[in-house]
Amino acid sequence: MSSTAPAAVAAPKKARAAKKATPSKDAAPKAKRGESQRYKYSELNKASLTSGEAQHIYGVIIDATFPYKTNQDRYICSLKIVDPSLYIKSQKGTGDSSDFATVVLYAKRFEDLPIITRLGDIIRVHRATLRLYNGQRQFNANIFYNSSWAVFPQEGAGHGGASHSGKNYSFEKSEDATLANIRKWAQGYFQQYNVVSSDLYVPLAKAAGQKSDFDVVAKVNQVFELDEYTNELRLRDGSGAQTWNVLALKLKFPNVHAGDVVRIRSATYDETSTQKKVLLLSHYSNILTVPANSKLAKEVKAKAGDEKLDKAAINGVNATVLTEVDKKHAGLPVHSLLDLFHNIETDKEIQSKDTFRTQFYVTKIESADVKEWTKSYDKKTKKGASFKGQKGNANAIYQVQFLVKDVSTQFNSNTYKVLLYTHDGLGANFFNTPADNLYTNDKAAKKLQEYSGLLTKFNSWVDAVVERRNGFYFIKDTKIAF
Amino acid sequence: MFASVPAAKPATAKKTAPPKSAFKTLIFELLENKGDFSKLSQSIRKSSLKCQVNQAFPKFLVSDGTYFLSAYFTKDCIRKCHAEKDRKVNITDLQGGLISINKWEVELIGVNSAEEFISYQNVEMRLVVHEFKALYGEQLKLRKFPANLFRDDEVKALIQHFIQEERSAHLKGLKRDFDASKPLLTLREANTVSLLDPSKGSKQSADEEIFSAFTHLLPKNKQVETVNLQEIYVAEKGPDALRQFNINFHFAQKKEVPCLEKKARNLKHGRRASHDDSRKQPAV
DNA sequence: CACTTCTGTATG
DNA sequence: CCGGTATGGTGG
DNA sequence: GGGGTTCTGGGG
């Protein structure tokens, strides 16, 4: 093989930053001709504390702040990393604080720092200086000068899918092995160890007692869209019966999903919230997902459990989904009311489909009189007749209109019709009771009356599958969950 | 928290304890009373609000130690504090200081939340200052990083609830004569019920535009008149200063030094070994 | 080429 | 005259 | 650096 200098790899994705990361001065970049290694990577625990020279490292990320602004022209991202020479060995109990290294990246621009979304990803830093800070090995890297970083996902082979500072990044062929090795080690490490030792976070049950900010490891039981900018995460960690809420901007944390186990770097207890338990985030706070197959994630998932829905919880304090959708639609993508009623006029994709999953709240139900929710249906004329004054329940069907609203249509003046018309069988089980003459079946009428109240209550939501027929949307394969 | 406001004592008996923030209590009460300030208990309306001035310009932000919101001054208020002979008070010099707002009111108004960050879903609780006093002596031991009141989880829920009730009241009062004989052209027309009054001839397709004509949000002409903060700035510091302020944005310059606190801070200068430079030496 | 540091000039 | 900006110098 | 911005004041 020609033993030429390593080829700089063109960025596979659009680079986050606009800078260049051409190798600059200091230690390693002195590749003699014929030599193929410009960068030599130090193990975290063997990097020199005395030389003061710039060094190059690979590490497994176990914590990180979000890139944050510190003054007019400085941004910082601070992270904790480990490698086979320096890692937290305790599975539980107190960890030894010297068992990881920290990395502090400095930049002039937000875009020049990495956004870390997962524990277990690999970071490579070029031209960092090592010093002891509070007994910690701390690598400092000035991205605004000549340092650079690259982050490789834990999943996947090779160095595809990397994000990096600068316009491009170098990757020597010898690094294939380096990367593969540390990935393999990380894999085993996350499966055998907790990685995040218990002194690095607090159980939610102890959150209220914290004096200052703290970290959390918990399961995301639900991601609720609070408004067009914000999700409200529902967190549980099994340390108490409470479910905790935290507002997470959609743009800042696009990768948080229900069922994930996450680590929150820096939260505070909200002393002003009296109706529900709330954690507050800061601009440097981060939410990192814990690999699903890791020991830690499995333990937390097992402990957290699910919060079951019961009627008493529908009190307007927390937004609550009252319905459940048949499992066969699990993969059906969610569409907003804007899609269903507006974008359909122009969007070919939407026009080509007729079944959608959608979420909304009910502002009004028609008929207002619950007894008129069912009709006697004449298949010939396709008309429903009131049961009022009638005996029996011949050909009973539901004919109910929901006037609904959602986040995507929050600001406009419209409410939208979603129908529960069961003449063709669609949605027949929605109310968990067969359509009947409600003038004679008091028990059913009473139950429906209760549903009516709960469905139109503030913070009650419906998660439904609808099918478009003849220009109307009909609910199907959906039922109230209690 | 307020100095003398029994903020911890809501007028109406609630199931839950009041929040530990005067502003949050205030917005709870105001929304509960559909924006009618006169319905709040006198003990709240007549209390003084002791606040920290987080920022004087371009928005006047005051905090109760936990949350901040925007304050607005009446013409009378400005006139009075500029008239003080010996100690003329400059609104724009209050940054970092404490003030006691002794006469005030709050009103619920419709705004564009895309532009006004001290609001939520186009609703703002507007704090109108009729009379205040600068508290020069007192120390600022309030929380250092107050948060936007309108980003609070419970406050958001409260405003959503308010809007939803306004909407459903609107919907209930709407006379909807559905003309079945008229052919429906689009799916949207068939499935849309508008809050807009159909008799007004407004188009049914209010897709893009923002609806905030709720009955309990004050229209512009019903709001208390307040002085534009930029006018105050010019009056106090001159047009040059305003121009300079805007230039500072072009190239971000130094942090404005709050007039009130720039004295007693010449003691610390010993540049702590900041490690943001990999070439600089000493470790700790 | 991008970054830092130094120097001189325009600007107010 | 101060400070920010533009320019040339530097290492890789 | 376990932290505090803002023409970015719902990534910062």
Side-chain angles (χ1 to χ4, degrees), chain A residues 18-31 38 63-80 97 102-113 115 117 127 131 133-134 136 138-148 166-167 200 212-215 226-231 247-254 265-266 281-287, chain B residues 54-55 58-59 61 68 70 113-121 143-148 150-151 156 240 243-244 246-255 272-277 279 284:
Chain A
K19 289 203 302 188
K20 284 225 173 184
T22 337
S24 41
K25 69 164 192 189
D26 274 331
K30 296 187 176 126
R38 285 155 68 92
D63 188 28
T65 67
F66 201 78
Y68 63 99
K69 198 170 193 176
T70 58
N71 62 50
Q72 299 277 343
D73 49 17
R74 270 307 185 263
Y75 293 83
I76 288 178
C77 180
S78 162
L79 22 180
K80 295 182 177 68
S97 67
T102 62
V103 173
V104 186
L105 305 175
Y106 298 90
K108 280 184 144 67
R109 308 186 313 166
F110 176 73
E111 302 77 32
D112 296 333
L113 292 171
I115 293 173
T117 61
R127 300 178 199 81
R131 51 173 47 120
Y133 180 74
N134 292 159
Q136 289 274 344
Q138 180 184 76
F139 293 90
N140 292 281
N142 291 342
I143 309 305
F144 60 78
Y145 182 39
N146 60 2
S147 301
S148 65
K167 283 180 182 163
L200 292 178
S212 59
D213 77 308
F214 53 90
D215 302 339
L226 184 64
D227 55 53
E228 70 176 305
Y229 306 103
T230 319
N231 287 324
L247 299 191
L249 293 173
K250 293 180 189 175
L251 181 57
K252 184 174 181 182
F253 304 115
R265 164 65 185 260
S266 191
L281 301 185
S282 300
H283 66 137
Y284 44 75
S285 296
N286 200 5
I287 303 180
Chain B
N54 277 97
Q55 181 186 86
K59 272 187 159 300
L61 305 182
F68 65 75
S70 190
S113 286
E115 295 163 3
E116 300 291 330
F117 69 94
I118 311 284
S119 66
Y120 182 59
Q121 309 237 316
R143 189 176 133 171
K144 193 171 180 191
F145 306 112
N148 186 340
F150 295 87
R151 299 291 174 266
K156 283 188 173 190
D240 293 340
R243 198 153 49 85
Q244 190 58 46
N246 289 321
I247 289 170
N248 284 0
F249 279 133
H250 184 357
F251 272 110
Q253 307 233 326
K254 287 188 175 171
K255 187 107 180 172
R272 296 267 310 146
S274 67
H275 298 184
D276 68 336
D277 191 321
R279 293 158 312 159
V284 180

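Letters A, B, ... are given to chains in the order of the sequence lines, protein chains preceding strands, and every chain is numbered from 1. Keep in mind it's a predicted model, so treat the numbers as computed, not measured.
- Atom C1' of dG11(E) sits at a distance of 16 Å from the matching atom of dG3(E), rounded to the whole Å.
- Whole-Å rounding puts the Leu251(A) CG to dG11(E) P distance at 5 Å.
- Taking 4.5 Å as the limit, some side-chain heavy atom of Phe117(B) sits within range of a side-chain heavy atom of Lys59(B).
- One can find a donor-acceptor pair under 3.5 Å joining the base of dG3(E) and the side-chain atoms of Arg265(A).
- Within the nucleic acid shown, Ser266(A) comes within 4.0 Å of at least one base atom, counting heavy atoms only.
- The salt bridge (charged side-chain N to carboxylate O under 4.0 Å, His left out) search around Asp63(A) returns Lys80(A), Arg263(A), Arg265(A), not counting sequence neighbours.
- The phosphate of dG12(E) (OP1 or OP2) has no side-chain N or O of Arg109(A) nearer than 4.0 angstrom.
- As the counterpart of dT6(E), no nucleotide is assigned, since no Watson-Crick or G-U wobble pattern has both distances under 3.5 Å.
- With hydrogens and angles left out, the side chain of Gln55(B) and the base of dG9(E) share a donor-acceptor pair within 3.5 Å.
- Once the 5.5 Å centre distance and the 30° plane angle are applied, the aromatic ring of Tyr284(A) is found stacked with the base of dG3(E).
- Atom CZ in Phe144(A) sits roughly 9 Å away from atom P in dT5(C) (whole-Å rounding).
- Between Ser266(A) and Asp213(A), the shortest heavy-atom contact is OG-OD2, 2.6 Å.
- The listed nucleotides are dG12(E), dG3(E), dG10(E); the one nearest the side chain of His283(A) is dG12(E).
- dG10(E) and dT5(E) are spaced 15 Å apart, taking the P atom of each and rounding to whole Å.
- Residue contacts for Leu247(A): at a heavy-atom cut-off of 4.0 Å it reaches no nucleic acid atom on any strand shown.
- Going from the C1' atom of dT8(E) to that of dG3(D) covers 26 Å, rounded to whole Å.
- For Asp215(A), the listed nucleotide lying nearest its side chain is dG2(E); candidates were dG2(E), dG4(E), dG9(E).
- To the nearest angstrom, P of dT5(C) lies 8 Å from OH of Tyr145(A).
- Between Asn148(B) atom CG and dG9(E) atom P there is a gap of 12 Å when expressed in whole angstrom units.
- For dG2(E), the OP1/OP2 oxygens have no side-chain nitrogen or oxygen of Thr65(A) closer than 4.0 Å.
- Arg74(A) and Phe144(A) make their closest contact through NH2-CZ, 3.2 Å (heavy atoms, listed as atom of the first residue, atom of the second, distance).
- Going from atom CD of Gln138(A) over to atom P of dG2(E) covers 7 Å, rounded to whole Å.
- If you look at Tyr68(A) and Tyr284(A), their ring centroids are closer than 6.0 Å.
- Separation of the C1' atoms belonging to dC7(E) and dG2(E) is 30 Å when rounded to the nearest angstrom.
- If you check every strand for non-hydrogen atoms under 4.0 Å, Phe253(A) touches nothing.
- Counting to the nearest Å, the P atom of dT8(E) and the CZ atom of Phe110(A) are 12 Å from each other.
- Ile143(A) and Ala107(A) get closest at one heavy-atom pair: CB-CB, 4.1 Å.
- Using a 4.0 Å heavy-atom distance criterion, Asp213(A) is classed as a base contact.
- Between Tyr120(B) and Asp227(A), the closest side-chain pair of non-hydrogen atoms falls below 4.5 Å.
- Put simply, the side chain of Tyr75(A) and the base of dT8(E) share a donor and an acceptor less than 3.5 Å apart.
- dG9(E) and dC1(D): their P atoms are spaced 41 Å apart (whole Å).
- Checking the phosphate oxygens (OP1, OP2) of dG12(E), a side-chain nitrogen or oxygen of Lys252(A) falls inside 4.0 Å.
- Rounding to the nearest 0.5 Å places OG of Ser113(B) at 10.5 Å from CD1 of Ile118(B).
- Across all strands shown, nothing is found opposite dG8(C) as a Watson-Crick or G-U wobble partner with both distances under 3.5 Å.
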- Taking Watson-Crick and G-U wobble pairs with both distances under 3.5 Å, convert DNA chain D into its dot-bracket string, 5' to 3', dots for unpaired and | for cross-strand pairs. |.......|||.

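- If you check every strand for non-hydrogen atoms under 4.0 Å, Phe139(A) touches nothing.
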What are the atom names and distances for every N/O pair under 3.5 Å that joins the protein to nucleotides 7-9 of chain D?
none

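- Note on Ser285(A): nothing from the nucleic acid sits closer than 4.0 angstrom, heavy atoms only.
- Picking from dG10(E), dG4(E), dG12(E) the nucleotide with the shortest atom distance to the side chain of Phe66(A) gives dG12(E).
- No side-chain heavy atom of Leu281(A) sits less than 4.5 Å from a side-chain heavy atom of Leu247(A).
- When heavy atoms are screened at a 4.0 angstrom cut-off, Glu116(B) is found touching no nucleic acid atom at all.
- Judged by distance alone with a 3.5 Å cut-off, no donor-acceptor contact links the side chain of Asn71(A) to the base of dG4(E).
- The CG-P distance, from Asn142(A) to dT4(C), rounds to 8 Å in whole Å.
- A donor-acceptor contact under 3.5 Å is formed by the side chain of Lys156(B) with the base of dG10(E).
- Counting only heavy atoms from C-beta outward, the side chains of Phe253(A) and Asn286(A) approach each other to under 4.5 Å.
- For the pair Asn231(A) CG and dG11(E) C1', the interatomic distance rounds to 14 Å; values are reported in whole Å.
- You won't find any donor-acceptor pair under 3.5 Å spanning the side chain of Lys69(A) and the base of dG3(E), going by distance alone.
- Base orientation of dG3(D): anti (glycosidic angle beyond 90° from 0).
- Two residues are said to be in side-chain contact when any heavy atoms from C-beta on lie closer than 4.5 Å; Asn148(B) and Phe68(B) meet this criterion.
- Across all non-hydrogen atoms, the minimal contact from His283(A) to Phe66(A) is O-CB, 3.9 Å.
- With distances taken from any side-chain atom of Pro254(A) to the nucleotides dG4(E), dG11(E), dG10(E), the minimum falls on dG11(E).
- At a threshold of 4.0 angstrom between heavy atoms, the contacts of Thr102(A) with the nucleic acid are absent.
- Annotation: side chain of Asn54(B) is in contact with side chain of Pro146(B) (closest heavy-atom distance under 4.5 Å).
- Between Lys108(A) and dT5(E) there is no side-chain N or O to OP1 or OP2 distance below 4.0 Å.
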